Amino acid sequence: MSNKYQLKALASSLFVSSVLIGCGGSGGGSPVETTAPVDPVPTVEPSTPPALQNVELKFAARVGEQPVSCQIMDTAIAGTQNTQPEFTDVRMYISEVILINETGKEVALELTQDKKWQYKNVALLDFETGQDNCANGNEALNHLVKGTVPTDKYTSVKFTLGVPAELNHYGIDGDDAVSPLDVMGMNWSWQKGHKHLRMDIKGWNLHLGTTGCEVTDLATETVDCSNSRPNRPTYQFDSIDIANSTIVFDYQKLVANSDLTTNQPQTPPGCMSSATDADCGNVFTKLGLDLTTGQCIGGDCSAAQTWITVE
């Protein structure tokens with residue numbers, strides 16, 4: 001082949017190639033696609049959990065100025081007849097504890113799960129010594145509720161006296177038994193739950209608990225409390241020093257209008273939380289509870305109660 005022919009063929013080839021490139025490819029009419037640069041994925045730093053502070057709420061049980069005792073309290077009086085009380089049991093459950101900061105924000109106290117005094121959001125306070133008149137109890141005492149909250153300045157505390165509805169029929173015995181819900185002295189079998197509060201003296205007992213629940217399935221221990229009287233007061237105390245204050249339950253104030261030497265006929269000694277027991281009327285008023293409904297008087301047990309103070 002001559003040089004003249006080779007140059008001509010090369011020129012034709014270059015011309016065809018330039019036409020194809022200008023048309024966007026060998027057969028299509030679409031422009032050549034290009035890939036845009038991809039921005040790098042931003043790095044997300046893990047969030048830092050809030051700092052926590054330990055809390056120990058202090059509680060006391062007294063008759064006036066004197067701590068409750070399992071011996072006769074010959075320098076203390078209670079009730080309308082100035083009875084000298086001899087305690088046989090003093091225990092209560094505290095639950096759903098909330099701390100409130102200066103701006104009104106509520107924070108649930110995360111209870112320490114110690115497998116003895118506290119379970120989930122429930123704590124058992126125990127003021128009886130297991131000796132003398134309290135021989136049916138135990139020697140271990142507990143006057144504290146312990147837990148943690150995010151670090152802040154808290155000025156108010158709110159809590160419920162009693163076991164929450166979702167746990168009131170749980171943990172008593174069998175496979176689901178768990179302390180402190182399995183403490184037999186606080187098991188209220190005839191009401192199918194727990195005693196929220198127990199303050200017994202010789203001859204006059206006070207058991208606060210939910211009444212009116214019905215067992216609907218014995219095999220599964222299913223209980224219907226839709227028509228019950230909860231008898232579960234909630235209290236709030238403001239302007240409190242969380243670290244140093246003591247919340248005081250005063251039996252003298254609780255039974256100030258009750259005659260501890262008599263009892264309504266055909267009823268157990270003292271008050272068993274019955275809506276028809278006249279011995280419960282004055283006690284429920286002091287608790288801040290309506291005897292008929294078992295709800296807080298005026299919807300506010302804190303304003304209605306007259307037996308708990310903060311020191």
Side-chain angles (χ1 to χ4, degrees), residues 57 59-61 89-98 108-109 111 117-128 142-147 157-172 178-200 205-214 223-237 247-251 253-255 270-275 277 280 283-297 299-308:
L57 296 176
F59 295 85
D89 210 328
V90 185
R91 287 181 278 189
M92 64 194 73
Y93 286 106
I94 300 295
S95 65
E96 300 171 330
V97 181
I98 292 174
L109 181 66
L111 298 191
W117 299 112
Q118 302 185 163
Y119 175 72
K120 292 192 175 180
N121 63 346
V122 183
L124 175 65
L125 298 178
D126 190 335
F127 299 97
E128 52 79 31
N142 182 47
H143 302 172
L144 301 173
V145 173
K146 301 178 182 180
V157 62
K158 180 164 62 175
F159 62 85
T160 297
L161 178 62
V163 180
E166 62 271 18
L167 292 175
N168 193 31
H169 310 281
Y170 176 83
I172 298 173
V178 59
S179 187
L181 297 178
D182 64 351
V183 174
M184 294 310 298
M186 299 300 286
N187 176 13
W188 214 14
S189 57
W190 74 283
Q191 287 293 342
K192 310 167 187 67
H194 294 87
K195 301 179 182 78
H196 302 321
L197 165 70
R198 180 173 188 171
M199 300 187 85
D200 299 348
N205 299 329
L206 169 57
H207 296 173
L208 180 68
T210 300
T211 64
C213 294
E214 298 292 337
V223 181
D224 178 12
C225 295
S226 57
N227 296 316
S228 68
R229 295 165 56 249
N231 299 331
R232 191 183 290 110
T234 296
Y235 302 120
Q236 178 173 326
F237 300 95
I247 299 169
V248 180
F249 303 101
D250 190 340
Y251 182 78
K253 292 179 179 178
L254 182 59
V255 298
C271 170
M272 300 289 111
S273 297
S274 170
D277 188 346
C280 290
V283 171
F284 266 59
T285 299
K286 297 292 185 179
L287 289 165
L289 290 172
D290 181 282
L291 181 61
T292 301
T293 66
Q295 303 283 356
C296 290
I297 297 173
D300 187 352
C301 282
S302 301
Q305 71 88 21
T306 56
W307 75 297
I308 309 175

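In this text, all values refer to a predicted model and were calculated from it rather than measured experimentally.
The closest donor-acceptor contact from the side chain of Asp250 to the backbone of Trp307 lies at 3.5 Å or more, if one exists at all. Side chain of Lys195 to main chain of Asn187: a donor-acceptor pair is present (N/O by atom type, distance under 3.5 Å, no hydrogens or angles). Proximity of a side-chain donor or acceptor of Ser273 to a complementary backbone N or O of His207 within less than 3.5 Å is detected. For the pair Tyr235 (side chain) and Leu287 (backbone), a donor-acceptor distance under 3.5 Å is present. At distances below 3.5 Å, not a single donor-acceptor pair connects side-chain atoms of Thr160 with backbone N or O atoms of Glu96. Counting only distance, with no hydrogens or angles, the side chain of Thr210 and the backbone of Pro230 share a donor-acceptor pair below 3.5 Å. A donor-acceptor distance shorter than 3.5 angstrom exists from the side chain of Asn168 to the backbone of His194, with no hydrogens or angles considered.
Using a 4.5 Å cut-off on side-chain heavy atoms (C-beta onward), Phe159 and Ile247 make contact. No side-chain heavy atom of Trp188 sits under 4.5 Å from any side-chain heavy atom of His196. Side-chain contact between Leu125 and Phe249 is present, with heavy atoms from C-beta onward closer than 4.5 Å.
Rounded to the nearest 0.5 angstrom, Arg229 CZ and Asp290 CG are separated by 8.5 Å. The structure places CZ of Arg198 at 11.0 Å from OH of Tyr93, a figure rounded to the nearest 0.5 Å. To the nearest 0.5 Å, atom CD1 of residue Ile94 and atom CG of residue Leu57 are 9.5 Å apart. Taking OG1 of Thr306 as the reference point, atom NZ of Lys253 lies at 8.0 Å (rounded to 0.5 Å). Atom-to-atom distance recorded for Leu206:CG and Phe284:CZ is 8.0 Å, nearest 0.5 angstrom.
In summary, of the residues considered (Asn142, Val145, Leu144), a side-chain contact (heavy atoms from CB on, under 4.5 Å) with Phe59 occurs for Val145 alone.
Residue Cys301 comes nearest to Pro233 through the heavy atom pair SG-CB, 3.6 Å, listed as atom of the first residue, atom of the second, then distance.
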Criterion side chain to side chain contact (heavy atoms under 4.5 Å, CB included) on Val183 and Asp126, from CA distance to verdict: CA-CA 11 Å; Val183 174; Asp126 190 335; over 6 Å; no
